[in-house]
Every structure is written in C-alpha cells, then in structure tokens.
Amino acid sequence: MLRSIIIDDQKKSRRVLEELLRTYFPQVEIVAMAESAEEGLQFIKELKPALIFLDIEMPYQSGFDMLQQCEEINFDIVFVTAHDHYAIKAIKFSALDYLLKPVDLDELRSAIMKVEKKQIQQQTLHKQIEVLLSNLHSSKNTFSVIGLPQATGTIFIHVEEIIRVESKSNYCELTMKDGTKKTIAKTLKEFEELLKEYKFIRVHKSHLVHLEHIRHYIRNNPGHIILSNDEKIEISRNGREILLQNISHL
C-alpha cells in the first residue's frame with residue numbers, strides 16, 4: 001500500500017482527488033488530508049507517508065515553502081496545480097511529477113504508475129528537490145540543471161553541457177561537450193519544449209541542436225551543419241529556415 005497524504009487548501013479539490021483515488025486506486029491508502037502547508041507538514045512528521053499529493057499555491061505558504069521546511073524528504077511527491085507555467089517548468093526540470101487541475105483520471109493513473117515503478121534512492125530524491133528549489137530561486141528562464149530519466153534512475157546535467165539531442169524512436173540520445181552520450185527516456189518533442197528557451201533549435205525531424213555549437217552551415221542539397229565537436233548533421237528545408245532566422249537575430 002502507498003500511504004498517502006493530500007495537501008490542498010481547496011476542499012473541493014481534496015474531495016475530488018480523494019474520490020478518484022479511493023474508487024480507482026485501492027493500492028493508495030489516504031491516511032490524511034490537510035488544508036494548509038502547516039497542517040501538511042505536521043501530518044508528514046506524524047504519519048510518515050510514502051507519497052504526498054501537494055498543491056503548489058496555498059495561502060501563507062506554498063507547497064514549495066513547505067518542502068523547504070521538511071527535515072527529511074523520504075517520500076514521493078506529485079504536485080497538483082491549476083496553473084503557473086513557471087512552477088510547472090521548474091518541476092519538469094527536476095524530473096518530478098505533476099497534475100493539472102481539474103485532475104484527469106488517465107494522468108493520475110500515469111503518475112501513480114511512475115511512483116510504483118520507480119524505486120528512487122534517497123540521495124536521488126534529495127537531489128530532485130534540491131534542483132527544483134534551486135531553479136525556483138533563480139532568475140526566470142535561466143534554469144541551469146535538468147533532471148533526466150534513465151533506465152537506472154535519474155541523472156542531473158547542466159543544460160549548457162548539451163551539444164545536441166537526437167531522436168532514437170521512443171528515446172533520445174544526448175551528445176555532451178565532453179564527448180559522452182546520454183540515453184534518455186524522453187521524446188524529441190519533450191526536449192524541444194524543455195529547451196526552446198536555451199538556444200536549442202530543431203534543424204531536422206530527428207535533431208535538436210544548441211545554436212552556439214554550430215560552427216559552419218554548408219549550402220548543399222540537403223543542407224548540413226558542422227558542430228563544435230566536428231559532427232556533420234543534415235538539416236531539413238524547414239530547419240534551414242529556422243537556422244537562418246536565428247542567426248539573423250544573433
């Protein structure tokens with residue numbers, strides 16, 4: 001059983017989530033529901049849950065504020081939020097799960113399945129929270145570290161160390177500045193969304209490239225670019241237009 005706590009200041013939201021969990025997920029045991037971060041913190045100390053469903057925006061203290069006060073974070077977290085694009089982006093960068101209100105049953109099922117499947121080491125979970133809170137305290141749109149899922153767990157890398165991202169069917173391969181390759185269980189579309197504000201451009205249906213690592217553009221048919229690590233990458237017609245538009249803005 002997954003001993004769980006729901007922390008949300010909105011009574012209706014608590015009841016809706018409770019009903020979904022009790023009806024469809026018998027493996028999730030709701031041991032408490034809190035209507036504030038302060039109350040949630042007390043329940044966590046007393047009941048030691050395996051999982052918390054945590055609202056982000058609450059009066060007096062946010063969900064993030066509450067996490068900073070936890071003496072030890074040895075439980076999984078699924079954030080629940082109505083909006084706040086910046087907070088969601090920070091959550092994605094830390095490789096933690098979130099649900100948008102109103103909670104969708106399929107998305108809830110997916111989040112619980114992830115919690116059940118992953119057996120995160122304590123050190124990794126602490127790192128996820130550390131990255132989340134660090135990114136939240138940084139200037140907007142300047143997150144420096146991203147948490148990425150691998151078969152063996154979650155790795156944390158600096159965005160600036162990525163040269164390019166290549167689609168490999170249902171996963172992606174990252175080429176790093178030090179010459180290593182990282183296999184990540186995300187699609188290229190997901191990477192494009194995460195990295196679009198960090199000078200990464202889509203030059204081909206299979207390639208996402210950091211603009212500052214492009215050294216040469218070769219005008220042939222099809223076109224090619226040469227990267228800082230001397231790799232030669234084919235670009236599509238649409239990719240060429242995107243490249244030229246971005247170069248003109250430099």
Side-chain angles (χ1 to χ4, degrees), residues 1-35 37 40 43-44 49-58 62-64 66-67 73 75-120 124-125 127-129 131-133 135-136 143 146-151 153-155 167 169-172 184-197:
M1 294 287 285
L2 278 172
R3 288 171 53 82
S4 305
I5 295 175
I6 298 173
I7 305 172
D8 193 320
D9 67 295
Q10 297 179 338
K11 183 177 180 180
K12 181 179 178 181
S13 295
R14 294 196 303 273
R15 292 303 180 190
V16 167
L17 182 54
E18 178 192 27
E19 184 65 24
L20 287 173
L21 291 170
R22 293 195 189 282
T23 302
Y24 297 101
F25 306 98
Q27 72 274 37
V28 178
E29 179 189 7
I30 303 170
V31 295
M33 293 196 292
E35 60 182 25
F43 280 143
I44 289 170
L51 170 66
I52 66 169
F53 294 90
L54 180 60
D55 188 18
I56 294 176
E57 295 187 1
M58 294 183 286
S62 71
F64 299 137
M66 190 205 78
L67 287 177
I73 298 178
F75 46 82
D76 278 306
I77 304 163
V78 175
F79 290 98
V80 185
T81 181
H83 47 80
D84 196 338
H85 172 74
Y86 179 59
I88 290 174
K89 184 176 178 182
I91 292 168
K92 286 182 177 180
F93 262 67
S94 61
L96 288 157
D97 268 320
Y98 73 96
L99 297 169
L100 286 174
K101 294 180 182 180
V103 174
D104 177 80
L105 177 59
D106 288 336
E107 292 180 357
L108 177 59
R109 180 176 288 110
S110 176
I112 291 175
M113 285 177 63
K114 289 178 185 177
V115 170
E116 288 179 321
K117 286 181 179 179
K118 70 179 183 179
Q119 297 179 350
I120 299 178
T124 302
L125 181 57
K127 182 64 177 179
Q128 285 178 295
I129 300 300
V131 169
L132 169 65
L133 297 177
N135 283 336
L136 284 168
F143 300 164
I146 182 171
L148 298 171
Q150 287 190 310
T154 302
I155 63 168
S167 174
S169 186
N170 60 342
Y171 67 93
C172 281
I184 304 297
K186 280 185 178 293
T187 65
L188 194 64
K189 184 177 180 181
E190 289 177 296
F191 272 110
E192 186 175 18
E193 176 64 26
L194 277 175
L195 301 176
K196 64 184 179 181
E197 297 173 8

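Side-chain contact check for Ile5 versus Val31: some heavy-atom pair is nearer than 4.5 Å. Between Phe64 and Ile91 the shortest side-chain heavy-atom distance falls below 4.5 Å. In this structure, Thr81 and Leu100 have side chains that are in contact, with non-hydrogen atoms separated by less than 4.5 Å. Looking only at side-chain heavy atoms (C-beta outward), Leu194 and Lys186 come within less than 4.5 Å of each other. The closest side-chain heavy-atom distance from Leu21 to Ile112 is below 4.5 Å.
Across every non-hydrogen atom of Pro49 and Ile52, the tightest pair is CG-CG2, 3.8 Å. Taking both residues in full, the closest heavy atoms of Leu67 and Ile73 are given as O-CD1, 3.9 Å, listed atom of the first, atom of the second, then distance. Of all non-hydrogen atoms in Leu2 and Ala50, the two that sit nearest each other are CD2-CB, 4.1 Å. In terms of heavy-atom proximity, Ile7 sits nearest to Gly40 at CD1-CA, 3.7 Å. The two atoms that bring Leu188 and Cys172 nearest to each other are N-SG, 3.4 Å, heavy atoms only.
With rounding to the nearest 0.5 angstrom, the CG atom of Leu136 is 8.0 Å from the OG atom of Ser94. Going from atom CD1 of Ile184 over to atom OG1 of Thr154 covers 9.0 Å, rounded to the nearest 0.5 Å. Here CZ of Phe79 is found 9.0 Å from OG of Ser62. Values are rounded to the nearest 0.5 Å. For the atom pair Lys89 NZ and Glu197 CD, the distance stands at 3.5 Å (nearest 0.5 Å). Atom CD1 in Ile6 sits 9.5 Å away from atom CG in Leu51 (nearest 0.5 Å). Considering CD1 of Ile129 and CG of Leu96, their distance stands at 5.0 Å, rounded to 0.5 Å.
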Apply side-chain contact (heavy atoms from CB on, under 4.5 Å) to the pair Leu54 and Met58, showing each step before the final yes or no. CA-CA 10 Å; Leu54 180 60; Met58 294 183 286; 4.2 Å; yes
Requested in this report: Quick one: do Phe43 and Met33 satisfy side-chain contact (heavy atoms from CB on, under 4.5 Å)? Show the steps, please.
Outcome: CA-CA 8 Å; Phe43 280 143; Met33 293 196 292; over 6 Å; no
>> Test side-chain contact (heavy atoms from CB on, under 4.5 Å) on Ile30 and Leu17; report intermediate values, then the result.
In response: CA-CA 10 Å; Ile30 303 170; Leu17 182 54; over 6 Å; no
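Of the options Arg14, Lys101, Arg15, a salt bridge (charged side-chain N to carboxylate O under 4.0 Å, His left out) to Asp8 is made by Lys101 and by none of the others.
No donor-acceptor pair closer than 3.5 Å links the side chain of Thr23 to the backbone N or O of Leu20.
Residue pairs that meet the salt bridge (charged side-chain N to carboxylate O under 4.0 Å, His left out) test with at least one member in residues 19-34, sequence neighbours left out, are Glu18-Arg22. Pairs passing the ring pair (Phe, Tyr, Trp, His ring centres under 6.0 Å) check and including a residue from residues 14-33, sequence neighbours excluded, do not occur.
Legend: residues meeting side chain to side chain contact (heavy atoms under 4.5 Å, CB included) with Ser110, ordered by chain and number and at least two apart, are Lys114.
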